[in-house]
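Computed from a predicted structure; not experimentally measured. Just so it is clear: chains get the letters A, B, ... in the order the sequence lines come, proteins before strands, and each one is counted from 1.
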2 protein chains.
Amino acid sequence: MTLGQTFDVLASEDAGAKKTYTISELAAEFGITPRTIRFYEDEGLISPARAGTTRIYSRQDRGRLILICRGKRLGFSLAEIKEFLDLYHTDPDQVGQMSFALDRARNRIAQLEAQLLDVQKTLAELREIESAMAAHLARHGAVPRGN
Amino acid sequence: MTLGQTFDVLASEDAGAKKTYTISELAAEFGITPRTIRFYEDEGLISPARAGTTRIYSRQDRGRLILICRGKRLGFSLAEIKEFLDLYHTDPDQVGQMSFALDRARNRIAQLEAQLLDVQKTLAELREIESAMAAHLARHGAVPRGN
DNA sequence: ATTAACGTTTACGTAAACGTAAAGTAAGGC
DNA sequence: GCCTTACTTTACGTTTACGTAAACGTTAAT
């Protein structure tokens, strides 16, 4: 049993939840193409089961895809996302491996905390711009009612 | 006078601040290469003055670079960053242009608010992993003192 | 006067992340 | 039995964001 099984995203046991998914189902759900999902597999980010040659995705696989897509939205490279995913199934018996993983986790945390500040700064600036523009348009634009 | 001049990043008037910069000064400051800065210029994200053929960067140019680098850290493409930068100098006299800009600003705000949530989720998960790993290592790893 | 350290343009090369055929297999409906 | 649909692999093409020379001009020091 790895660390992964102890967390939500990779192990939700919902009653009405489907057990498996096809590649095109997942592609549709996440707004990506089957090609993209296969590419992620080539890059080692996901390893679905097979029925013959056809890929069968489990709920855990779907959880990984959620994390992958989120990582992409945050601007991480696939290599970084892979590293992130690996944190979920670090073998607890390999102390050295676990130490390295802990290090990487802490680095990633620091990185995300910096990104959090960046997002907040940018949001603050954009909101300033937004209200300035809205105010300007309220005065000079829009022509609220024939004046 | 454009909206840009009304905001901090593009118009700080510090007393001890340098007035101009060379390309390699800025490259060093932001941890990028001159090639990269010239590429940003090719893409229309920045337009420094010239002394003959040599580029001379103003404090405003440096401000734009700050925003560009932050945008990159947030995972935006150069095209998106350009769109973002354009928000700063929307002509207040062009009502139509201003309306479109306001729209883009609001879209960008929504996008960043979503990203903020993503970052927070990811941070929460990573912190869970981190403490789980730290606890595990405290018990089985590290061998605190010969026991 | 030449060498070094900066700047320039032009242009080909490259890694990442897919897109886009092409060509084949396997299951289900009429 | 054939057609459609969804899956597969293989492989070349494309966009983005630069890296990396090559070849040249300008200033400053030796």
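The phosphate of C/dG7 has OP1 or OP2 within less than 4.0 Å of a side-chain N or O from B/S24. An OP1 or OP2 oxygen of D/dA6 is reached within less than 4.0 angstrom by no side-chain nitrogen or oxygen of A/T54. The phosphate of C/dA17 has neither OP1 nor OP2 within less than 4.0 Å of any side-chain N or O from A/K72. The shortest distance between the side-chain N/O atoms of A/Y40 and the OP1/OP2 oxygens of C/dC18 is below 4.0 Å.
A donor N or O paired with an acceptor N or O is not found under 3.5 Å between the base of C/dT8 and the side-chain atoms of B/R55. In the interface, the side chain of A/R38 is not paired with the base of D/dT8 through any donor and acceptor atom under 3.5 Å apart.
Here the side chain of B/T53 is nearest to one of D/dC18, C/dT8, D/dC7, namely C/dT8. The nucleotide whose nearest atom lies closest to any side-chain atom of A/T22 is, among D/dC18, D/dC7, C/dT20, D/dC7. Here C/dT8 is the nucleotide among C/dC18, D/dC7, C/dT8 with the atom lying nearest to any side-chain atom of B/R50. Nearest to the side-chain atoms of A/F39 among the listed nucleotides D/dC7, D/dC18, C/dC18 stands C/dC18.
Taking 4.0 Å as the cut-off between side-chain N and carboxylate O, B/E125 and A/R108 do not count as a salt-bridged pair.
Between the CD atom of B/E80 and the P atom of D/dA17 there is a distance of 9 Å, given to the nearest Å. Atom CG of B/D42 is separated from atom P of C/dC12 by 15 Å (rounded to the nearest Å).
In this structure, A/E29 contributes its side chain and A/R62 its backbone to no donor-acceptor pair below 3.5 Å. B/D103 places no side-chain N or O within 3.5 Å of a backbone atom of B/F100 that could act as its donor or acceptor partner.
In terms of heavy-atom proximity, A/K82 sits nearest to A/G44 at NZ-O, 3.5 Å.
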